[in-house]
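What you see is a predicted model, and the numbers here were worked out from it, not measured in a lab. Protein chains get the first letters and strands the later ones, always in sequence-line order, with residue 1 at the start of each.
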There are 2 protein chains.
Amino acid sequence: MDRRQRKTREAIFAAFTALLSQKEFAHITVGEIIDRADVGRATFYAHFETKEFLLKELCEELFCHIFDAAHGEACDHRHIFSCEAPDSVFLHLVQHLQRNDNHVLELLSCQSNDLFLRYFKTDLIKLVNTQLPLFAARKSDELPEAFWVDHIASVFVDTIRWWLDNGRRESPETITAYFLAAV
Amino acid sequence: MDRRQRKTREAIFAAFTALLSQKEFAHITVGEIIDRADVGRATFYAHFETKEFLLKELCEELFCHIFDAAHGEACDHRHIFSCEAPDSVFLHLVQHLQRNDNHVLELLSCQSNDLFLRYFKTDLIKLVNTQLPLFAARKSDELPEAFWVDHIASVFVDTIRWWLDNGRRESPETITAYFLAAV
DNA sequence: ACGTTACCGAATATACTGTTCCATAGCGAA
DNA sequence: TTCGCTATGGAACAGTATATTCGGTAACGT
């Protein structure tokens with residue numbers, strides 16, 4: 001990829017991320033993004049069709065790192081049948097979210113749009129599918145598998161949102177415990 | 001209230017509701033609303049400050065009916081210590097949602113915005129607060145009350161959304177059972 | 001050093017918002 | 001019915017945002 005393209009793309013991502021931590025997605029304009037990124041208007045549209053596509057690509061990039069790490073973790077556990085606490089995948093996920101510098105948390109809060117949440121949940125469902133045995137004891141037989149998986153992912157997102165809306169006072173360990181106790 | 005005002009208001013509500021069942025809130029313009037409602041631009045802004053306020057007032061009107069009925073039910077149960085299934089409040093809520101002609105279901109689906117969902121959940125939390133004993137057995141002691149109430153409301157909304165996203169194939173009784181089994 | 005390509009920046013068409021104006025028709029009350 | 005009041009219509013308006021177009025320029029990879 002051309003160095004100019006890469007630099008432009010990164011500048012736009014950086015500007016967009018910074019703006020996202022200040023105001024909600026809906027109120028961010030292309031004008032603001034290109035001002036802060038210091039690129040031309042035409043350049044922006046050469047890279048991204050719309051604001052929404054920009055958000056989508058940003059999500060893909062962010063979640064790629066987060067969930068790849070979590071998935072790797074999940075695979076490790078299955079391979080070596082580790083004796084560690086099997087819920088550590090979700091704990092690591094929360095820890096990753098908290099220490100994260102990419103403003104993912106701001107994006108997950110309800111001040112942002114629900115597009116972001118939908119992308120997040122889509123990836124989360126894949127992760128949950130690898131962790132189903134963890135929740136087998138809690139599952140009532142009458143519940144369809146599809147509902148159950150969606151439910152677990154939903155509760156995780158809801159728990160994170162509750163955490164954020166209430167000032168993130170709890171530690172990642174506590175929040176993970178809440179999640180596992182609630183699901 | 002002036003008959004003209006009332007008619008205008010109803011025309012705008014009707015047009016807005018019809019549009020909401022066709023496209024998502026964000027893409028609806030004031031121009032479309034006043035075209036369909038057949039009112040002047042100035043008239044719209046005499047009634048509603050913005051599109052968002054229109055949505056808010058519509059929600060208040062819709063939820064007022066739905067939750068008042070549910071609350072009445074809840075009160076009845078407490079007063080007469082009925083022997084009926086104590087989960088009937090939520091069953092009635094789901095039934096009300098299903099038979100509802102006001103397009104509430106379309107609005108609750110993820111195609112709509114999350115403003116609507118937030119308003120819904122706010123009212124739902126009030127209802128859940130009157131029904132806490134129902135869920136007392138499921139609550140782990142380590143969970144804070146505030147988290148628990150929010151969790152129950154979240155699971156209800158998530159269940160309804162799953163129902164809608166999957167084509168509303170299940171009966172209200174089944175969905176209520178799923179909700180109670182999942183929470 | 002070369003041809004290619006991304007970029008700038010300025011201009012442009014289009015669309016939506018929210019406000020203002022006055023004339024008019026409908027309203028409630030005497 | 002009559003009268004004063006007010007909601008409405010219709011149109012114009014400024015302000016803002018989107019998305020596209022263009023030719024000149026500078027940076028790129030080979």
**Student:** Under the rule for salt bridge (charged side-chain N to carboxylate O under 4.0 Å, His left out), what residues qualify as partners of K51(B), not counting sequence neighbours?
**Tutor:**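 Not a single residue meets the salt bridge (charged side-chain N to carboxylate O under 4.0 Å, His left out) criterion with K51(B).
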
**Student:** Walking along DNA chain D from 5' to 3', note the first and the last nucleotide with an atom under 4.0 Å from a heavy atom of chain A, and give both.
**Tutor:**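 In short, chain A contacts DNA chain D from dA17(D) to dG29(D).
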
**Student:** To the nearest 0.5 Å, what is the distance between CD1 (I66(A)) and CG (L127(A))?
**Tutor:**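 CG of L127(A) is found 11.5 Å from CD1 of I66(A).
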
**Student:** Expressed in angstrom and rounded to an integer, what is the separation of I12(A) atom CD1 from dC7(C) atom P?
**Tutor:**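 Roughly 8 Å, once rounded to whole Å.
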
**Student:** With sequence neighbours left out, write down each residue that passes side-chain hydrogen bond (donor to acceptor under 3.5 Å, both in side chains) with D158(B), or none if nothing qualifies.
**Tutor:**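 None.
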
**Student:** Salt bridge (charged side-chain N to carboxylate O under 4.0 Å, His left out): which pairs involve residues 146-156 of chain B, sequence neighbours left out?
**Tutor:**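 Found K121(B)-D150(B).
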
**Student:** Let me have a per-nucleotide readout for nucleotides 19-30 of chain C, 5' to 3', with B, S or -, counting only protein heavy atoms under 4.0 Å.
**Tutor:** BB----BBS---

**Student:** Rounding to 10 degrees, work out the angle separating the end axes of the helix from dA1(C)-dT30(D) to dA30(C)-dT1(D) (five pairs an end).
**Tutor:**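 Angle reported: 50°, given to the nearest ten degrees.
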
**Student:** Taking the six-membered ring where the residue is Trp, are the ring centres of F48(A) and F13(A) under 6.0 Å apart?
**Tutor:**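 Distance test on ring centres: under 6.0 Å, yes.
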
**Student:** Among residues at least two apart in sequence or on other chains, which ones pass salt bridge (charged side-chain N to carboxylate O under 4.0 Å, His left out) with D2(A)?
**Tutor:**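 D2(A) satisfies salt bridge (charged side-chain N to carboxylate O under 4.0 Å, His left out) with R4(A) once adjacent residues are dropped.
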
**Student:** Sequence neighbours left out, what passes salt bridge (charged side-chain N to carboxylate O under 4.0 Å, His left out) with E52(B)? Give chain and number order.
**Tutor:**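 For E52(B) there are no salt bridge (charged side-chain N to carboxylate O under 4.0 Å, His left out) partners, ignoring immediate neighbours.
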
**Student:** Do any side-chain nitrogens or oxygens of T43(A) fall under 4.0 Å of OP1 or OP2 in dC8(C)?
**Tutor:**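 Yes, because at least one side-chain N or O of T43(A) sits under 4.0 Å from OP1 or OP2 of dC8(C).
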
**Student:** Can you name the residues that form a side-chain contact (heavy atoms from CB on, under 4.5 Å) with E10(B), not counting sequence neighbours?
**Tutor:**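 Result, side-chain contact (heavy atoms from CB on, under 4.5 Å) vs E10(B): R6(B).
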
**Student:** What is the distance, to the nearest angstrom, from the CZ atom on R9(A) to the P atom on dC7(C)?
**Tutor:**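 The answer, rounded to whole Å, is 11 Å.
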
**Student:** Classify H27(B) by what it touches in the nucleic acid, base, sugar-phosphate, or nothing, heavy-atom distance under 4.0 Å.
**Tutor:**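 Nothing, no heavy atom under 4.0 Å.
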
**Student:** May I have the distance from R6(A) (atom CZ) to dT5(C) (atom P), rounded to whole angstrom?
**Tutor:**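 It is 18 Å, rounded to the nearest whole Å.
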
**Student:** Sequence neighbours left out, what passes salt bridge (charged side-chain N to carboxylate O under 4.0 Å, His left out) with K7(B)? Give chain and number order.
**Tutor:**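 Counting only residues at least two positions away or on another chain, K7(B) forms no salt bridge (charged side-chain N to carboxylate O under 4.0 Å, His left out).
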
**Student:** Are K139(B) and E145(B) ion-paired here, with the side-chain N under 4.0 Å from a carboxylate O?
**Tutor:**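 A salt bridge is absent here (no side-chain N lies under 4.0 Å from a carboxylate O).
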
**Student:** Atom OG of S88(B) and atom CG of L93(B): how far apart are they, to the nearest 0.5 Å?
**Tutor:**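 If we round to the nearest 0.5 Å, S88(B):OG and L93(B):CG are 11.0 Å apart.
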
**Student:** Nearest whole Å is fine: how far is dC16(C) C1' from F44(B) CZ?
**Tutor:**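 After rounding, the gap between these two atoms is 12 Å.
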
**Student:** Would you say a side-chain N or O of H47(A) is under 4.0 Å from OP1 or OP2 of dC7(C)?
**Tutor:**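 For dC7(C), OP1/OP2 do have a side-chain N/O of H47(A) under 4.0 Å.
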
**Student:** For DNA chain D, which residues in residues 31-40 of chain B have a heavy atom at a distance below 4.0 Å?
**Tutor:**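 Contacting residues: D38(B), V39(B), G40(B).
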
**Student:** Salt bridge check, K23(A) against E32(A): does any charged N sit closer than 4.0 Å to a carboxylate O?
**Tutor:**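 Salt bridge flag = yes for K23(A) with E32(A).
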
**Student:** According to ring-ring contact (aromatic ring centres under 6.0 Å, His included), who are the partners of F63(B), at least two apart in sequence or on a separate chain?
**Tutor:**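 Partners of F63(B) under the ring-ring contact (aromatic ring centres under 6.0 Å, His included) test: F116(B), F120(B).
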
